[in-house]
*Asks:* 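The structure under discussion is supplied below as C-alpha coordinates; questions concerning it will follow.
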Number of protein chains: 2
Amino acid sequence: MNKYRLTQTRSQLLKLLKNTPLPVSAEDLLQKVPVNKTTIYRQLTSMVAQGLIKPVLFTDRTLRYESADRDHHHHLICTNCKKIIDISFPENIEQTAQTSASAQKFKINTHHLEFFGLCQNCQ
Amino acid sequence: MNKYRLTQTRSQLLKLLKNTPLPVSAEDLLQKVPVNKTTIYRQLTSMVAQGLIKPVLFTDRTLRYESADRDHHHHLICTNCKKIIDISFPENIEQTAQTSASAQKFKINTHHLEFFGLCQNCQ
DNA sequence: TGACTTTTGCAACTAAGTTGCAATAATATA
DNA sequence: TATATTATTGCAACTTAGTTGCAAAAGTCA
(Lines give C-alpha, C1' and ligand atoms only; values in the text may rest on other atoms or scores of the structure.)
Protein backbone atom coordinates (compact mmCIF):
# COMPACT_ATOMS: atom_id res chain seq x y z
CA MET A 1 0.00 0.00 0.00
CA ASN A 2 2.32 2.69 -1.27
CA LYS A 3 0.67 6.04 -0.82
CA TYR A 4 3.12 7.79 -3.13
CA ARG A 5 3.21 7.04 -6.84
CA LEU A 6 6.39 7.48 -8.79
CA THR A 7 4.97 9.40 -11.73
CA GLN A 8 6.94 10.88 -14.62
CA THR A 9 6.71 14.29 -13.05
CA ARG A 10 7.72 13.13 -9.61
CA SER A 11 10.81 11.31 -10.83
CA GLN A 12 11.89 14.25 -12.97
CA LEU A 13 11.58 16.59 -10.01
CA LEU A 14 13.35 14.20 -7.66
CA LYS A 15 16.17 13.68 -10.11
CA LEU A 16 16.70 17.41 -10.35
CA LEU A 17 16.59 17.86 -6.60
CA LYS A 18 19.04 15.02 -6.03
CA ASN A 19 21.44 16.16 -8.72
CA THR A 20 21.56 19.83 -7.82
CA PRO A 21 24.13 20.35 -5.10
CA LEU A 22 22.52 23.54 -3.82
CA PRO A 23 18.99 24.41 -2.71
CA VAL A 24 16.47 24.77 -5.53
CA SER A 25 13.37 26.97 -5.59
CA ALA A 26 9.91 26.15 -6.93
CA GLU A 27 10.56 28.62 -9.70
CA ASP A 28 13.82 26.93 -10.67
CA LEU A 29 11.92 23.66 -11.05
CA LEU A 30 9.13 25.32 -12.98
CA GLN A 31 11.64 26.52 -15.55
CA LYS A 32 13.28 23.15 -15.95
CA VAL A 33 10.36 20.73 -15.88
CA PRO A 34 7.35 21.13 -18.23
CA VAL A 35 4.70 20.98 -15.55
CA ASN A 36 2.05 23.15 -13.96
CA LYS A 37 3.03 25.22 -10.94
CA THR A 38 0.28 23.66 -8.84
CA THR A 39 1.91 20.29 -9.38
CA ILE A 40 5.33 21.62 -8.40
CA TYR A 41 4.03 22.97 -5.10
CA ARG A 42 2.08 19.82 -4.37
CA GLN A 43 5.03 17.59 -5.18
CA LEU A 44 7.34 19.63 -3.00
CA THR A 45 4.90 19.40 -0.10
CA SER A 46 4.54 15.68 -0.59
CA MET A 47 8.30 15.06 -0.82
CA VAL A 48 8.90 17.03 2.35
CA ALA A 49 6.21 14.98 4.11
CA GLN A 50 7.84 11.82 2.82
CA GLY A 51 11.20 13.01 4.10
CA LEU A 52 12.95 13.05 0.73
CA ILE A 53 13.77 16.73 0.68
CA LYS A 54 14.10 19.53 3.21
CA PRO A 55 12.90 23.11 2.90
CA VAL A 56 15.47 25.82 3.55
CA LEU A 57 14.33 29.40 4.01
CA PHE A 58 16.89 31.95 2.94
CA THR A 59 17.10 35.35 4.51
CA ASP A 60 16.29 36.95 1.17
CA ARG A 61 12.89 35.32 1.69
CA THR A 62 13.25 32.70 -1.01
CA LEU A 63 12.15 29.22 -0.03
CA ARG A 64 14.34 26.50 -1.47
CA TYR A 65 14.60 22.74 -1.12
CA GLU A 66 17.49 20.37 -0.92
CA SER A 67 17.93 16.63 -0.81
CA ALA A 68 17.33 15.31 2.72
CA ASP A 69 20.10 12.72 2.67
CA ARG A 70 22.82 15.29 3.19
CA ASP A 71 24.94 15.74 6.26
CA HIS A 72 24.11 18.63 8.49
CA HIS A 73 25.65 21.72 6.96
CA HIS A 74 25.19 25.46 6.58
CA HIS A 75 25.37 27.94 3.73
CA LEU A 76 27.66 30.78 2.91
CA ILE A 77 25.73 33.25 0.78
CA CYS A 78 27.40 35.91 -1.31
CA THR A 79 25.47 39.13 -0.75
CA ASN A 80 26.63 40.42 -4.11
CA CYS A 81 26.09 37.61 -6.65
CA LYS A 82 23.80 35.41 -4.47
CA LYS A 83 26.06 32.42 -4.96
CA ILE A 84 25.59 29.74 -2.31
CA ILE A 85 28.45 27.66 -0.93
CA ASP A 86 28.10 24.79 1.51
CA ILE A 87 30.01 24.92 4.76
CA SER A 88 30.11 22.67 7.77
CA PHE A 89 30.45 24.16 11.20
CA PRO A 90 32.99 22.31 13.35
CA GLU A 91 31.32 22.67 16.73
CA ASN A 92 28.11 21.48 18.23
CA ILE A 93 26.14 24.69 18.23
CA GLU A 94 23.01 23.29 19.80
CA GLN A 95 24.90 21.86 22.71
CA THR A 96 26.57 25.20 23.38
CA ALA A 97 23.30 27.08 23.11
CA GLN A 98 21.46 24.59 25.28
CA THR A 99 23.51 25.78 28.23
CA SER A 100 22.05 29.30 27.98
CA ALA A 101 18.63 27.99 27.02
CA SER A 102 18.42 25.74 30.04
CA ALA A 103 18.38 28.78 32.31
CA GLN A 104 14.99 29.50 30.78
CA LYS A 105 13.92 25.86 30.74
CA PHE A 106 13.84 25.86 26.97
CA LYS A 107 14.61 22.58 25.20
CA ILE A 108 16.35 23.07 21.83
CA ASN A 109 15.54 20.59 19.06
CA THR A 110 17.01 22.15 15.95
CA HIS A 111 18.58 25.31 14.62
CA HIS A 112 19.11 27.34 11.50
CA LEU A 113 22.40 29.06 10.70
CA GLU A 114 23.45 30.99 7.62
CA PHE A 115 26.48 33.15 6.84
CA PHE A 116 26.66 36.17 4.57
CA GLY A 117 29.61 37.80 2.95
CA LEU A 118 31.50 37.97 -0.32
CA CYS A 119 32.72 35.11 -2.48
CA GLN A 120 36.13 35.11 -4.07
CA ASN A 121 34.93 36.75 -7.30
CA CYS A 122 32.96 39.53 -5.62
CA GLN A 123 35.52 40.67 -3.06
CA MET B 1 18.14 69.34 6.03
CA ASN B 2 16.45 66.46 7.80
CA LYS B 3 15.24 63.95 5.24
CA TYR B 4 13.01 62.16 7.73
CA ARG B 5 10.03 63.88 9.35
CA LEU B 6 8.81 62.83 12.75
CA THR B 7 5.12 62.56 11.91
CA GLN B 8 2.38 61.35 14.26
CA THR B 9 2.38 57.99 12.53
CA ARG B 10 6.14 57.59 12.57
CA SER B 11 6.44 58.33 16.27
CA GLN B 12 3.61 55.97 17.14
CA LEU B 13 5.26 53.18 15.17
CA LEU B 14 8.68 53.87 16.61
CA LYS B 15 7.33 53.93 20.13
CA LEU B 16 5.74 50.53 19.62
CA LEU B 17 8.89 49.08 18.09
CA LYS B 18 11.07 50.43 20.88
CA ASN B 19 8.75 49.26 23.64
CA THR B 20 8.15 45.75 22.36
CA PRO B 21 10.94 43.47 23.54
CA LEU B 22 10.47 40.96 20.74
CA PRO B 23 10.29 41.28 16.96
CA VAL B 24 7.07 42.79 15.60
CA SER B 25 5.43 42.11 12.23
CA ALA B 26 3.79 44.59 9.84
CA GLU B 27 0.48 42.99 10.71
CA ASP B 28 1.04 43.49 14.44
CA LEU B 29 1.59 47.17 13.80
CA LEU B 30 -1.42 47.41 11.49
CA GLN B 31 -3.63 46.15 14.28
CA LYS B 32 -2.27 48.57 16.85
CA VAL B 33 -1.90 51.79 14.90
CA PRO B 34 -4.81 53.31 12.91
CA VAL B 35 -2.94 53.71 9.66
CA ASN B 36 -2.99 52.40 6.12
CA LYS B 37 -0.91 49.30 5.35
CA THR B 38 0.98 51.14 2.62
CA THR B 39 2.21 53.57 5.23
CA ILE B 40 3.30 50.78 7.56
CA TYR B 41 5.40 49.15 4.88
CA ARG B 42 6.89 52.44 3.78
CA GLN B 43 7.71 53.45 7.33
CA LEU B 44 9.34 50.13 8.04
CA THR B 45 11.48 50.43 4.92
CA SER B 46 12.45 53.96 5.85
CA MET B 47 13.32 53.08 9.44
CA VAL B 48 15.48 50.20 8.30
CA ALA B 49 17.27 52.55 5.88
CA GLN B 50 17.76 55.03 8.70
CA GLY B 51 19.17 52.28 10.90
CA LEU B 52 16.53 52.55 13.64
CA ILE B 53 15.21 49.01 13.31
CA LYS B 54 16.41 45.71 11.91
CA PRO B 55 14.43 43.16 9.91
CA VAL B 56 14.49 39.59 11.20
CA LEU B 57 13.20 36.80 8.98
CA PHE B 58 11.76 33.89 10.89
CA THR B 59 11.82 30.41 9.51
CA ASP B 60 8.03 30.31 9.55
CA ARG B 61 8.38 32.97 6.81
CA THR B 62 7.13 35.89 8.87
CA LEU B 63 9.19 39.02 8.54
CA ARG B 64 9.52 40.94 11.77
CA TYR B 65 11.39 43.98 12.97
CA GLU B 66 13.18 44.86 16.15
CA SER B 67 14.88 47.91 17.58
CA ALA B 68 18.40 48.26 16.18
CA ASP B 69 20.03 49.43 19.39
CA ARG B 70 20.12 45.96 20.86
CA ASP B 71 23.18 43.84 21.49
CA HIS B 72 23.82 41.00 19.10
CA HIS B 73 21.57 38.14 20.11
CA HIS B 74 19.61 35.20 18.76
CA HIS B 75 16.14 33.78 19.22
CA LEU B 76 14.78 30.63 20.73
CA ILE B 77 11.47 29.90 19.07
CA CYS B 78 8.93 27.53 20.53
CA THR B 79 7.67 25.36 17.67
CA ASN B 80 4.44 24.75 19.53
CA CYS B 81 3.21 28.13 20.80
CA LYS B 82 5.51 30.34 18.64
CA LYS B 83 6.80 32.15 21.69
CA ILE B 84 10.12 33.90 21.10
CA ILE B 85 12.83 34.15 23.73
CA ASP B 86 16.07 36.07 23.37
CA ILE B 87 19.33 34.24 23.85
CA SER B 88 22.97 35.26 23.47
CA PHE B 89 25.46 32.82 22.09
CA PRO B 90 28.67 32.75 24.07
CA GLU B 91 31.16 32.14 21.29
CA ASN B 92 32.24 34.03 18.25
CA ILE B 93 30.50 32.05 15.57
CA GLU B 94 31.73 34.08 12.64
CA GLN B 95 35.33 33.68 13.66
CA THR B 96 34.95 29.92 13.93
CA ALA B 97 33.18 29.70 10.58
CA GLN B 98 35.70 31.97 8.89
CA THR B 99 38.29 29.23 9.26
CA SER B 100 36.29 26.86 7.05
CA ALA B 101 35.18 29.67 4.75
CA SER B 102 38.74 30.81 4.13
CA ALA B 103 39.49 27.54 2.38
CA GLN B 104 37.06 28.73 -0.28
CA LYS B 105 38.26 32.33 -0.15
CA PHE B 106 34.90 33.46 1.17
CA LYS B 107 34.86 36.52 3.44
CA ILE B 108 32.09 36.38 6.07
CA ASN B 109 30.45 39.66 7.10
CA THR B 110 27.42 38.62 9.07
CA HIS B 111 25.31 35.64 10.03
CA HIS B 112 21.84 34.58 11.05
CA LEU B 113 21.18 31.99 13.75
CA GLU B 114 17.92 30.77 15.24
CA PHE B 115 17.04 27.92 17.55
CA PHE B 116 13.84 25.89 17.65
CA GLY B 117 12.40 23.75 20.36
CA LEU B 118 9.92 23.78 23.18
CA CYS B 119 9.44 26.38 25.87
CA GLN B 120 8.83 25.46 29.49
CA ASN B 121 5.05 25.47 29.10
CA CYS B 122 4.94 23.38 25.96
CA GLN B 123 7.31 20.61 26.95
C1' DT C 1 -9.01 -5.67 -18.23
C1' DG C 2 -11.46 -3.19 -14.73
C1' DA C 3 -11.89 -0.92 -10.32
C1' DC C 4 -9.87 2.06 -7.31
C1' DT C 5 -6.93 5.82 -5.83
C1' DT C 6 -3.52 9.30 -6.63
C1' DT C 7 -1.83 12.90 -9.50
C1' DT C 8 -2.40 16.50 -12.74
C1' DG C 9 -3.94 20.90 -15.08
C1' DC C 10 -6.88 24.55 -15.07
C1' DA C 11 -8.94 28.60 -13.45
C1' DA C 12 -10.04 31.16 -9.75
C1' DC C 13 -8.58 32.69 -5.42
C1' DT C 14 -5.75 34.45 -1.25
C1' DA C 15 -2.31 37.05 1.34
C1' DA C 16 1.74 39.93 1.64
C1' DG C 17 3.70 43.47 -0.17
C1' DT C 18 4.35 47.29 -3.97
C1' DT C 19 3.38 51.32 -7.08
C1' DG C 20 1.54 55.73 -9.04
C1' DC C 21 -0.84 59.58 -8.00
C1' DA C 22 -3.24 63.29 -5.88
C1' DA C 23 -4.15 65.22 -1.28
C1' DT C 24 -2.28 66.39 3.13
C1' DA C 25 1.03 67.40 6.78
C1' DA C 26 5.62 68.93 8.35
C1' DT C 27 9.39 71.99 7.88
C1' DA C 28 12.08 75.89 6.27
C1' DT C 29 12.23 80.57 4.83
C1' DA C 30 10.83 85.12 4.07
C1' DT D 1 2.79 84.49 10.70
C1' DA D 2 2.15 83.37 5.82
C1' DT D 3 4.07 80.97 2.02
C1' DA D 4 6.84 77.76 -0.47
C1' DT D 5 8.93 73.43 -0.49
C1' DT D 6 9.32 68.67 0.29
C1' DA D 7 8.06 64.42 2.67
C1' DT D 8 4.25 61.60 4.06
C1' DT D 9 -0.21 59.60 3.62
C1' DG D 10 -4.37 57.05 1.78
C1' DC D 11 -6.44 55.02 -1.90
C1' DA D 12 -7.05 51.85 -5.52
C1' DA D 13 -4.99 49.00 -8.55
C1' DC D 14 -1.41 45.80 -9.17
C1' DT D 15 2.16 42.05 -8.46
C1' DT D 16 3.99 37.67 -6.89
C1' DA D 17 4.12 33.34 -4.38
C1' DG D 18 1.43 30.05 -3.14
C1' DT D 19 -3.40 27.58 -2.42
C1' DT D 20 -7.96 25.37 -3.44
C1' DG D 21 -11.83 22.78 -5.73
C1' DC D 22 -12.90 20.08 -9.31
C1' DA D 23 -12.95 17.15 -13.31
C1' DA D 24 -9.79 14.53 -16.32
C1' DA D 25 -5.79 11.61 -16.69
C1' DA D 26 -2.48 8.37 -15.08
C1' DG D 27 -0.80 4.66 -11.74
C1' DT D 28 -1.54 0.54 -9.10
C1' DC D 29 -3.29 -3.77 -8.05
C1' DA D 30 -6.35 -7.75 -8.17
*Asks:* Any side-chain N or O of A:Y41 under 4.0 Å from OP1/OP2 of D:dG18?
*Replies:* yes

*Asks:* Per the atom types in the model, does the base of C:dG9 pair as donor or acceptor with the side chain of A:K37 at under 3.5 Å?
*Replies:* no

*Asks:* Without decimals, in angstroms, what is the distance between A:L44 CG and C:dT8 C1'?
*Replies:* 15 Å

*Asks:* List the protein contact pattern of nucleotides 20-25 of chain D with one symbol per nucleotide (5' to 3'): B for base contact, S for sugar-phosphate-only contact, - for none; contact means a heavy-atom distance under 4.0 Å.
*Replies:* BBB---

*Asks:* Is the distance from OP1 or OP2 of C:dT7 to the nearest side-chain N or O of A:Q8 less than 4.0 Å?
*Replies:* no

*Asks:* Just verifying a value: how many Å separate B:I77 CD1 and B:F115 CZ, rounded to the nearest 0.5 Å?
*Replies:* 10.5 Å

*Asks:* Pick the closest DNA chain C nucleotide for B:R61 and for A:S46 by heavy atoms, then say which residue is nearer the 5' end.
*Replies:* A:S46

*Asks:* Within this structure, what is the CZ-to-P distance between B:F58 and C:dA16, rounded to whole angstrom?
*Replies:* 17 Å

*Asks:* Rounded to the nearest angstrom, tell me the gap between atom NZ in B:K3 and atom P in D:dT6.
*Replies:* 12 Å

*Asks:* Between A:E114 and A:T59, does any side-chain donor sit less than 3.5 Å from a side-chain acceptor?
*Replies:* yes

*Asks:* Fit a plane to each ring of B:H74 and B:H111, take the angle between them on a 0 to 90° scale, and name the class: parallel (under 30°), tilted (30 to 60°) or perpendicular (over 60°).
*Replies:* tilted

*Asks:* Of the nucleotides C:dT8, C:dT6, D:dG18, which one has an atom closest to the side chain of A:R5?
*Replies:* C:dT6

*Asks:* Taking atom P of D:dT16 as reference, at what distance in whole Å does atom CG of A:L30 sit?
*Replies:* 14 Å

*Asks:* Please report the distance, rounded to the nearest Å, between CD in B:E27 and C1' in C:dA15.
*Replies:* 9 Å

*Asks:* Does the side chain of A:T7 get closer than 4.0 angstrom to OP1 or OP2 of C:dT7 through an N or O atom?
*Replies:* no

*Asks:* Using a distance-only test with no angle check, is there a side-chain donor-acceptor pair under 3.5 angstrom linking A:Q43 and A:T39?
*Replies:* no

*Asks:* Considering just the side-chain nitrogens and oxygens of B:N36, establish if one lies under 4.0 Å of OP1 or OP2 belonging to D:dT9.
*Replies:* no

*Asks:* Is the ring centre of B:F89 less than 6.0 Å from the ring centre of B:H72?
*Replies:* no

*Asks:* Rounding to an integer number of Å, can you tell me how far B:M47 CE sits from D:dT8 P?
*Replies:* 11 Å

*Asks:* For the pair made of CD in B:Q43 and P in D:dA7, what is the distance, rounded to whole Å?
*Replies:* 14 Å

*Asks:* Which pairs with one or both residues in residues 58-82 of chain A pass salt bridge (charged side-chain N to carboxylate O under 4.0 Å, His left out), sequence neighbours excluded?
*Replies:* A:K18-A:D69, A:D28-A:R64, A:E66-A:R70, A:R70-A:D86

*Asks:* Without decimals, in angstroms, what is the distance between B:I40 CD1 and C:dA16 P?
*Replies:* 13 Å

*Asks:* B:S46 vs B:R10, test: side-chain contact (heavy atoms from CB on, under 4.5 Å). Steps then yes/no.
*Replies:* CA-CA 10 Å; B:S46 143; B:R10 190 180 186 84; 2.9 Å; yes

